[in-house]
Colleague: 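I have a structure I would like to understand better, so I am pasting it below and will then ask my questions one at a time.
Chain A is the first sequence line, chain B the second, and so forth, proteins listed ahead of strands; every chain is numbered from 1.
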Amino acid sequence: MTARRRGPGRVAVHLLLWGYAAVALLPLVVMVLGSLRPTGEILTAPLGLPLSPTLGSYGRVWTEASFGAYLLNSLIVTCGAVLLGTAVSATAAYALARYDFPGNRLLGAYVLAGLMLPIRLGLVPIFYLMDSMGLIDSLLGLTLLYAASGVPFCVFVLSAFYRSLPGELEEAARIDGAGEFRIFGRIMLPLVRPALASVTLFQFVPLWHEFLYPLVLLRSEEKFTIPRGLSQFFGEYTTDWSALFAGLVLATAPLFVLFVLATKQIIAGLTAGMGR
Amino acid sequence: MPRWRVLVVFLLPAVLLYSVFIVYPLLSAFHYSFFEWRGIRQAGFAGLGNYRDLFTVYPYDRQLWRAFAHNALFFAGTMLIQNTVGLLFALLLFRYGRGRRFLQAAFTTPYLVDPLVVGYLWSLLLNPTFGPVNALLEAAGLDSWALPWLGDTRTALPVIIVVNAWQWVGFPMLLFSAALAGIPAEYHEAARVDGASAWQAFRRVTLPLLTPAIGVVSVLTFIGNFNAFGLVYAMAGSTGSPAGSTDVLGLLFYRVAFVEGGVEAIGRSSALAVLMFVFVFGVSLLAGSYFRRRERTLV
């Protein structure tokens, strides 16, 4: 395996790997190119290049199919949930990691058990719980549910980071007369900033993609998140291929932008917690 | 020990949120599954009645086993295609020179795309009349290969397995790459000095040392495949078309709970959710302990 291949074997390896790179990327390229071509052109020549690229389909998708609203809803729900989930977990993980109190271990195990539970198991009870709280067809209901689903993971990661911090800082601040909230907000929280960045990102992707809960909990089109809106849209625009491709691009673009911007942050956040 | 007020402020929001929206519904699912339901009203204790209904009442008696078989095929196909190819790519990219990082990034890119988007995108690409895939096959002179991929009961499930593998292959590749990087180079040297062929070295040295990574990949694949929903929904609708040939447990659960469950929906769908959970959780635990035993025999 480690021996350097020569001759035909080596060429075959290059061909296989670069050939598969094309297989991995081409469908995404076809998606973007398709969104720039009028439907008539796509249907007569499925493999052609955009001869006269147009953004017309994006305009149609944005206004007629209300993708603007879907995008805004997805942003509200996902960002709201990630912020709320991370915020409550940051304080809870701190208390669990740095304070000694009766029931600490039990409470920690209770929260971490959520790491192993599939949230889908509770779909039907969640539906009726939301119904009884008047949170069906509500972005607030979805935000609270998403935020709660992130708590076990965030507490798990953040408490490990808090535990790795030295105790001297805390003691010095306490001797100087700082209160508990001040110690947390001014000293401990800033020290786990890299971990906060990575848990934020790791919550973001699955929540942005979540489809089953919006499918069940959202009713009116102006409340739809992107995945829910996309499924509606594919039922209605079956023949407007240009618009379909544009919808897929619009559903995909935000995450790509986020990843390009945040990859360095994630790697920094991950490596900051290792080797202790 | 800090004052209680401090502890409550720090802990209560998270514990409350988690208890109300995660723990309470999950426990309720177990509770619901043991009761008889008339719409949203409980009509007495049912014992295992809802569970029995899933195996005896038409159409669930047929659909449950069919969906289970499809999930099992989905898992087997994914292990065979996605994870084998992922391992092959990891091996070929190990010690690969210039372009390695680009190739790794390219193979992993589809993972960033929403499974629902992947499903819709491929259903367009595989469209029998206007899709680029068949256009490409015809251009290559393979007219007999230009099939109605998602419209034929024989090809629909395999196509979904391949599309799913297209999305996820980067994941086993990255895990196997990390595991390969952890194998000391001396082991391979020793194998070569002893006169082992490349295949023997792989079979006797590399593969056994990859056991932990293979265990992790297998268990996560199993969990992912048995919870599949978005991709299949996008490519085959909520009924697993054509003719139920792609129906999986996730779709069946959705239909029993919200589409065609009737007045018994709550009890039966909760029973199905509990069954799926117990099966996936149980098998994952067993597989986990099996792979840990295998690891210990290596040392």
Colleague: At a heavy-atom separation under 4.5 Å, does B:Ala234 approach chain A through its side chain, its backbone, both, or neither?
Modeller: neither

Colleague: So which of B:Leu125, B:Val9, B:Leu124 has the biggest tally of heavy-atom pairs under 4.5 Å with chain A?
Modeller: B:Leu124

Colleague: Quick check on B:Leu136 against chain A: is it the side chain, the backbone, both or neither that has a heavy atom closer than 4.5 Å?
Modeller: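 Both parts, heavy atoms under 4.5 Å.
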
Colleague: Can you tell which of B:Leu88, B:Ile22, B:Thr129, B:Leu93 has the highest number of heavy-atom pairs within less than 4.5 Å of chain A?
Modeller: B:Ile22

Colleague: To the nearest 0.5 angstrom, please state how far the CZ atom of A:Arg228 sits from the CG atom of A:Leu217.
Modeller: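 If we round to the nearest 0.5 Å, A:Arg228:CZ and A:Leu217:CG are 10.5 Å apart.
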
Colleague: Return the option, out of A:Val23, A:Leu255, A:Leu215, A:Ile126, with the maximum number of heavy-atom pairs under 4.5 Å with chain B.
Modeller: A:Leu215

Colleague: Looking at A:Leu145, A:Leu96, A:Asp131, A:Val205, which makes the most heavy-atom pairs under 4.5 Å with chain B?
Modeller: A:Leu145

Colleague: Using only heavy-atom distances, determine whether the side chains of B:Tyr32 and B:Ser269 contain a donor-acceptor pair under 3.5 Å.
Modeller: no

Colleague: Of the backbone (N, CA, C, O) and the side chain (C-beta and beyond), which part of B:Leu103 lies under 4.5 Å from a heavy atom of chain A, both, or neither?
Modeller: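 Looking at B:Leu103, just its side chain touches chain A.
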
Colleague: Just do the side chain to side chain donor-acceptor pair (under 3.5 Å) check on A:Thr39 and A:Asp240 with the steps written out, would you?
Modeller: CA-CA 6 Å; A:Thr39 299; A:Asp240 189 348; 2.9 Å; yes

Colleague: Counting heavy-atom pairs closer than 4.5 Å to chain A, which one of B:Ala29, B:Pro115, B:Pro110, B:Pro132 comes out on top?
Modeller: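 Ranked by contacts with chain A, first place is B:Pro132.
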
Colleague: Working note: B:Phe107 + A:Tyr20, criterion ring-ring contact (aromatic ring centres under 6.0 Å, His included); need CA distance, chi angles, decisive distance, verdict.
Modeller: CA-CA 8 Å; B:Phe107 296 175; A:Tyr20 189 77; 5.2 Å; yes

Colleague: Report which part of B:Val20 has an atom under 4.5 Å of a heavy atom belonging to chain A: side chain, backbone, both, or neither.
Modeller: both

Colleague: Counting only heavy atoms closer than 4.5 Å, note whether B:Phe258 contacts chain A via side chain, backbone, both or neither.
Modeller: side chain

Colleague: Measure the shortest side-chain to side-chain distance between A:Leu230 and A:Phe67 over non-hydrogen atoms and say whether it is less than 4.5 angstrom.
Modeller: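 When only atoms from C-beta onward are counted, A:Phe67 and A:Leu230 do touch, with a gap below 4.5 Å.
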
Colleague: Return the option, out of B:Ile223, B:Asn134, B:Thr109, with the maximum number of heavy-atom pairs under 4.5 Å with chain A.
Modeller: B:Thr109

Colleague: I'd like to check A:Val155 versus B:Tyr18 (side-chain heavy atoms, cut-off strictly below 4.5 Å). Are they in contact?
Modeller: no

Colleague: Indicate the atoms forming the closest heavy-atom contact of B:Leu116 with B:Gly230, along with that distance.
Modeller: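 So the minimum-distance heavy-atom pair works out to CD1-O, 3.5 Å.
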
Colleague: Could you tell me if the ring centre of A:Trp208 sits under 6.0 Å from that of A:Tyr146?
Modeller: no

Colleague: Between A:Tyr99 and A:Glu180, do the side chains contain a donor N or O and an acceptor N or O under 3.5 Å apart?
Modeller: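 A donor-acceptor contact under 3.5 Å links the two side chains.
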
Colleague: Cation over ring, A:Arg98 on A:Tyr94, under 6.0 Å and within 45°?
Modeller: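 That pair does not qualify as a cation-pi contact.
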
Colleague: Is A:Met116 in contact with chain B via its backbone, its side chain, both, or neither, using a 4.5 Å heavy-atom distance?
Modeller: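 The answer is both parts of A:Met116.
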
Colleague: Fit a plane to each ring of A:Tyr162 and A:Phe184, take the angle between them on a 0 to 90° scale, and name the class: parallel (under 30°), tilted (30 to 60°) or perpendicular (over 60°).
Modeller: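 A:Tyr162 and A:Phe184: tilted rings.
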
Colleague: Which of the residues A:Val151, A:Val30, A:Leu25 is involved in the greatest number of heavy-atom pairs with chain B at under 4.5 angstrom?
Modeller: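 Top option by heavy-atom pairs under 4.5 Å: A:Leu25.
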
Colleague: When you compare the side chain of B:Asp114 with that of A:Ile226, does any pair of heavy atoms fall below 4.5 Å?
Modeller: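 No; the side chains remain at least 4.5 Å from each other.
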
Colleague: With chain B, which of A:Leu244, A:Leu16, A:Val111 has the greatest number of heavy-atom pairs at distances under 4.5 Å?
Modeller: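 Answer, by heavy-atom pair count under 4.5 Å with chain B: A:Val111.
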
Colleague: Heavy atoms only, distances under 4.5 angstrom: which of A:Phe181, A:Trp18, A:Phe245 has the most pairs with chain B? Name it, please.
Modeller: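 Looking at each option in turn, the highest pair count goes to A:Trp18.
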
Colleague: Could you please state which residues from residues 274-283 of chain B sit under 4.5 angstrom from chain A, measuring non-hydrogen atom to non-hydrogen atom, sorted by number, or 'none'?
Modeller: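 Expected list: B:Val274, B:Phe277, B:Phe281.
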
Colleague: Select, from B:Ala105, B:Ala273, B:Ala14, the one with the greatest count of heavy-atom pairs under 4.5 Å involving chain A.
Modeller: B:Ala14

Colleague: Would you mind telling me which of B:Tyr233, B:Trp122, B:Tyr24 has the largest number of heavy-atom pairs within less than 4.5 Å of chain A?
Modeller: B:Tyr233

Colleague: Hey, which of A:Gly34, A:Ser231, A:Ala251 has the most heavy atom pairs under 4.5 Å with chain B?
Modeller: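 Most heavy-atom pairs within the cutoff with chain B belong to A:Ser231.
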
Colleague: Which heavy atom in B:Val256 sits nearest to a heavy atom in B:Ala265, and how many Å separate them?
Modeller: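 Here B:Val256 and B:Ala265 meet closest at O-CB, 3.4 Å.
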
Colleague: Just say parallel, tilted or perpendicular for the rings of B:Trp168 and B:Phe171, cut-offs at 30° and 60°.
Modeller: perpendicular

